[in-house]
Amino acid sequence: MPVLDRIAALAPEITAWRHDLHAHPELQYDVHRTAGFVADKLRTFGCDEVVTGIGRTGVVGVIRGRAHGSNRAIGLRADMDALPIHEARDLPYRSTVAGKMHACGHDGHTAMLLGAARYLTETRDFDGTAVMIFQPAEEGGGGGEAMVRDGLMERFGIEAVYGLHNIPGLALGHFAIRPGPIMASTDRFTITVEGRGGHAAQPHAAIDSVLVASHIVVALQSIVARAVDPLDSAVVSVCALEAGEAFNVLPQCVTLRGTMRALSKPVRTLLQGRITEIVTHVAAAFGAKGAIAFGSGYPVTENHTAETDFIADVAAGLVGEERVDRAVAPMMAAEDFSYMLAHRPGAYIFLGNGDSAGLHHPDYDFCDAAAPYGASLWARIIETGLPLR
């Protein structure tokens with residue numbers, strides 16, 4: 001197995017930690033049990049410092065190398081929160097909390113970083129400081145931004161930061177990465193269409209808000225097809241429509257909700273502008289009123305070139321160059337590790353989860369066989385990036 005021998009020996013413990021976390025999922029910032037579990041483990045391992053409450057419920061473990069010639073520090077980040085999804089599989093360690101589950105593998109991410117922390121506290125074969133970052137609220141809560149605002153980078157002197165996410169469909173023992181944009185920005189929008197309600201048998205006396213909203217939905221699909229450069233990537237999806245309650249009444253108002261995604265700031269700005277124009281003018285063409293409100297989400301996750309090359313080289317040293325895709329296609333999902341990359345150079349890499357159900361699916365489960373690869377990568381990043389002199 002192309003992983004560190006000591007981490008391979010720790011695999012049963014890493015798996016046990018992961019199963020415990022999986023059985024007790026918590027959402028967004030309400031990760032008190034999870035954060036307590038992590039902090040207790042870090043103290044038991046012998047971290048030089050364990051700090052809680054950063055970004056509300058984040059945890060940071062500080063591990064200093066056995067050499068003291070360098071004041072450099074590298075940050076490694078794992079997310080801790082689960083999703084509001086009911087678990088479908090009857091696993092021995094299935095969720096004990098109805099309507100909540102680790103459907104994105106954050107239990108595995110946390111367990112892998114704990115495994116690396118255990119290894120690094122035992123060996124300390126590096127010169128500098130390893131900063132183990134356990135983040136809450138990745139799933140829509142912006143926990144990465146909260147930790148940055150709490151002074152994460154400055155307080156621990158972090159000069160570079162790295163993140164990792166498992167990917168179903170990518171083979172076990174494989175990694176994938178790319179320089180530049182690797183995950184999209186995300187923004188949500190709420191559209192309100194106000195027509196004039198009336199009897200369904202007298203549509204001429206009303207302004208049919210459902211008809212207007214339907215034209216808006218169709219017109220929005222022209223943005224990516226006709227306003228965005230074909231060489232760029234973007235998504236505009238309307239995901240909810242709320243209108244009326246009776247079969248014979250034309251409702252006064254319709255509400256639409258959806259999401260937009262982009263891989264660059266100019267395209268993100270373009271999408272907002274075109275959505276606003278379409279909503280306003282299509283509604284006006286029917287004699288209705290259209291209004292839109294945007295809710296800002298995560299910015300584009302952009303890998304820094306030098307750090308991307310570095311982590312890819314480290315991964316290749318573990319599993320072989322043939323198992324590292326250095327030009328993977330970007331994903332249109334979003335990730336709040338983007339906030340950390342906006343404040344420090346670094347990179348975000350994908351780890352193969354094998355042939356599993358997709359992320360955010362009720363049948364998903366993190367593959368325990370992937371954990372030694374991720375934990376070994378974390379350890380090697382520290383040992384390679386902060387070498388003994």
Side-chain angles (χ1 to χ4, degrees), residues 29 31 34-81 106 109-110 112-138 142-164 301 303-304 306-307 310-311 314 335-349 374-375 377-388:
Y29 289 99
V31 291
T34 304
F37 180 97
V38 167
D40 287 346
K41 293 296 181 188
L42 294 176
R43 293 187 185 103
T44 300
F45 299 161
C47 284
D48 298 284
E49 188 177 359
V50 178
V51 182
T52 61
I54 297 180
R56 293 168 59 176
T57 48
V59 180
V60 173
V62 175
I63 307 167
R64 298 185 180 91
R66 59 184 172 89
H68 303 289
S70 172
N71 60 0
R72 297 175 57 211
I74 292 177
L76 306 176
R77 174 270 204 173
D79 34 20
M80 300 187 290
D81 57 323
H106 296 186
H109 301 169
T110 298
M112 286 188 291
L113 191 55
L114 284 174
R118 172 78 174 271
Y119 170 88
L120 291 169
T121 53
E122 291 178 356
T123 59
R124 299 183 184 265
D125 288 334
F126 58 96
D127 184 5
T129 303
V131 183
M132 320 304 272
I133 304 165
F134 295 86
Q135 180 207 301
E138 190 282 321
E145 182 181 29
M147 294 190 81
V148 168
R149 286 182 173 176
D150 261 3
L152 172 70
M153 303 301 176
E154 298 78 12
R155 178 170 180 177
F156 299 100
I158 296 171
E159 67 174 38
V161 64
Y162 296 92
L164 176 154
T301 302
N303 282 340
H304 298 250
E307 287 70 25
F310 168 71
I311 193 173
V314 173
E335 165 62 65
D336 77 343
F337 188 64
S338 54
Y339 292 109
M340 296 188 184
L341 290 179
H343 286 79
R344 290 294 185 274
Y348 191 71
I349 194 167
L377 179 70
W378 285 148
R380 280 294 192 228
I381 286 173
I382 298 301
E383 292 176 343
T384 308
L386 302 172
L388 292 170

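Partner Arg155 forms a side-chain contact (heavy atoms from CB on, under 4.5 Å) with one of Val51, Asp150, Val131, Val62 and no other, that one being Val51. For the side-chain contact (heavy atoms from CB on, under 4.5 Å) test with Val161, the passing option among Ile74, Ile133, Val148, Leu76 is Ile133; the others fail.
Taking 4.5 Å as the limit, every side-chain heavy atom of Leu377 sits out of range of all side-chain heavy atoms of Tyr162. A heavy-atom distance below 4.5 Å is not found between the side chains of Pro136 and Asp81. The shortest distance between side-chain heavy atoms of Phe134 and Leu42 falls below 4.5 Å.
For Thr384 against Pro387, the heavy-atom pair with the smallest separation is O-CD, 3.4 Å. Closest heavy-atom contact between Asp127 and Gly69: OD1-N, 3.1 Å. Arg344 and Glu159 get closest at one heavy-atom pair: CD-O, 4.1 Å. When every heavy atom of Ala116 is checked against every heavy atom of Trp378, the shortest pair comes out as CB-CB, 3.6 Å. Nearest approach of Ala160 to Ile158, heavy atoms of both residues: O-CG2, 3.2 Å. Shortest non-hydrogen contact noted between Ala347 and Ile311 is CB-CG2, 4.1 Å.
By the side-chain hydrogen bond (donor to acceptor under 3.5 Å, both in side chains) test, Asp336 pairs with Arg77, Gln135, sequence neighbours left out. In terms of the ring pair (Phe, Tyr, Trp, His ring centres under 6.0 Å) criterion, residue partners of Phe337 (sequence neighbours excluded) are, by chain and number, Tyr348.
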Task: Steps toward side chain to side chain contact (heavy atoms under 4.5 Å, CB included) verdict (Phe156, Leu152) - done: CA-CA 6 Å; Phe156 299 100; Leu152 172 70; 3.9 Å; yes

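Between Met340 atom CE and Met153 atom CE the span is 5.5 Å, to the nearest 0.5 Å. In this structure, Leu120 CG and Ile382 CD1 are separated by 6.0 Å, a value rounded to the nearest 0.5 Å. Taking CE of Met147 as the reference point, atom CD1 of Ile54 lies at 5.5 Å (rounded to 0.5 Å). Separation of atoms CE (Met80) and OH (Tyr29) is listed at 11.0 Å; rounding is to 0.5 Å. Between the CD atom in Glu138 and the OH atom in Tyr339 there is a gap of 10.5 Å [rounded to 0.5 Å].
One N or O on the side chain of Arg124 and one on the backbone of Thr121 form a donor-acceptor pair closer than 3.5 Å. In this structure, the side chain of Thr129 does not engage the main chain of Gly65 through any donor-acceptor pair within 3.5 Å.
Under the side chain to side chain donor-acceptor pair (under 3.5 Å) criterion, the residue pairs touching residues 52-68 are Arg66-Asp125, with sequence neighbours excluded.
Judged by the 6.0 Å and 45° rule, Lys41 forms no cation-pi pair with Phe45.
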